[in-house]
2 protein chains.
Amino acid sequence: MPRRVDHDERRRELTAALLRIASTRGLQAVSMREVAAEAGVSLRVVQYYFTDKRTLMASGIAELAGRLDRRVRERAAALGTELEPRAVLEVVLGAILPTDDDSRADQLAWTAYYAAGLTTPADAVDGRYAPDALERWLTGVVARAVEEGRVVADADPRIEVVSLLALTNGLVSSVLGQQRTVDDAQAVVRYRLDRLFRPAAG
Amino acid sequence: MPRRVDHDERRRELTAALLRIASTRGLQAVSMREVAAEAGVSLRVVQYYFTDKRTLMASGIAELAGRLDRRVRERAAALGTELEPRAVLEVVLGAILPTDDDSRADQLAWTAYYAAGLTTPADAVDGRYAPDALERWLTGVVARAVEEGRVVADADPRIEVVSLLALTNGLVSSVLGQQRTVDDAQAVVRYRLDRLFRPAAG
DNA sequence: GATCCTGTGGTACGACTGTATCCTAACGTC
DNA sequence: GACGTTAGGATACAGTCGTACCACAGGATC
């Protein structure tokens, strides 16, 4: 059996199996044996490529952070270099919402990790989905819109962005909990953007 | 030993112990033995008052739902019968934010239960913190404010309330994750209310 | 061709889990 | 005072967990 093996590739497969379990049966159902079974390999293989369970779990959150970040970045890049500030916000916030099965699964796993990290700061969220970087970028976008008079003049760019991100976060929760559809959530985001982006008033 | 015992009282103590564990070490750390140890009783006692683990866990989420609901209701009642719509919103939304250690602990436990329920709908959130009832009530408050001209005329009461609740929910997450202080979160809520409640424009 | 390293199967160990069972001390009821 | 019920102590059992260890087959290297 022992061909020469691409370790990174193998780890990716195992991590994907882990995330599949986490998003369907929860982080609690993730054991080394379950990951092995989901990936169709023996327990020993999981042990071999991730010595610890801690290492395995860490790989899961890292992959997840990468995926979510990639989703936002790709959509942002897809809309060209210079688009209206409003379109930027709509696309970026829309990229956070769980619009298809894949992003829904990732958001479920993400939520599980986040909740676990709240009470077990050990394996807490590291990459953290770079909310600060995102927040700063969008704040710049809104600030520019204010200068150009496309937004109510007395709007505070930072707080507007913070509240938009928190709103989106809250909507993600309710969509995952099936108290709301994605379409409803998107409508709420658009409503907020409509009220923010108009030269006249607040 | 066997005095006649108040079962409800005993169950409350055990449930409190469960929630203490859940809010500090996570739902994963909740076992029958741990609850017994936290409450200072033997395993048998936990078995006696909650036959199942399912029953025990269900008691936790029920107590939690009651506490959160009570918090909102108490604060709402404390501000008299007829206060400004804006004050109602500020108080109610403020009651959701984790402002002291107790409410923070409860929100942590709540988040843990919520996340668990997303992937294990079996013991899902039942009472659900009655978000629909809250949503309807606040929508009525905002609708009244619109009629009285205290709010921008073209505001949609329902979507305004939905977005305020989702925003608050998102802020709770970020406060629990210590990416933001409670004061910051309250400031964001006040900012949003400031912009909603002014006769002039949106 | 001998040797070393890499990848994997199999299995075992101790800790912990939920649950079940047996036993008994103190009470209410008669 | 006898007796059934209540409240709980103690222990056992089967299962699962992370981890450790042994064995070994197949390439790479010399």
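Chain A is the first sequence line, chain B the second, and so forth, proteins listed ahead of strands; every chain is numbered from 1. From a predicted model like this one, the values you see are computed outputs, not experimental measurements.
- Whole-Å rounding puts the B:L14 CG to D:dG8 C1' distance at 12 Å.
- Look at CD1 on A:I21: it is 10 Å from P on D:dC17, rounded to the nearest Å.
- Atom CD of A:Q28 is separated from atom P of C:dT17 by 12 Å (rounded to the nearest Å).
- Separating the CG atom in B:L171 from the CD atom in B:Q179 is a distance of 11.0 Å, to the nearest 0.5 Å.
- No donor-acceptor distance shorter than 3.5 angstrom exists from the side chain of A:Y113 to the backbone of A:L64, with no hydrogens or angles considered.
- Between the side chains of B:D100 and B:S103, a donor-acceptor pair is found at a separation under 3.5 Å.
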Worked check of side-chain contact (heavy atoms from CB on, under 4.5 Å) between A:L165 and A:L93: CA-CA 7 Å; A:L165 285 174; A:L93 297 179; 3.9 Å; yes

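- Remark: A:H7 is not in phosphate contact with C:dT6, judged by side-chain N or O atoms under 4.0 Å from OP1 or OP2.
- Following rounding to the nearest Å, B:E13 (CD) and D:dG8 (P) show an atom-to-atom distance of 10 Å.
- Distance, A:K53 NZ to C:dA15 C1': 14 Å, rounded to whole Å.
- Under the 4.5 Å side-chain criterion, counting only non-hydrogen atoms from C-beta, B:Q107 is in contact with B:I96.
- When only modelled atom types and interatomic distance are considered, B:S163 and A:R192 share a side-chain donor-acceptor pair under 3.5 Å.
- Here the P atom of nucleotide C:dC22 and the OH atom of B:Y48 are 17 Å apart, to the nearest Å.
- Taking atom CZ of B:R54 as the reference point, atom C1' of C:dT19 lies 15 Å away to the nearest angstrom.
- Within 4.0 Å (heavy atoms only), A:F50 reaches no atom of the nucleic acid at all.
- The distance between atom CG of A:L56 and atom P of D:dC17, rounded to the nearest whole Å, is 13 Å.
- Once rounded to the nearest 0.5 Å, the distance linking CD of B:E9 with CG of B:L14 reads 10.0 Å.
- Contact check, A:R10 against C:dT8: a side-chain N or O comes under 4.0 Å of OP1 or OP2.
- When the nearest nucleotides of DNA chain C are assigned to A:Y49 and B:D52 by heavy-atom distance, the more 5′-ward of the two goes with A:Y49.
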Pairs under 3.5 Å (N/O, protein and nucleotides 10-12 of chain D):
none

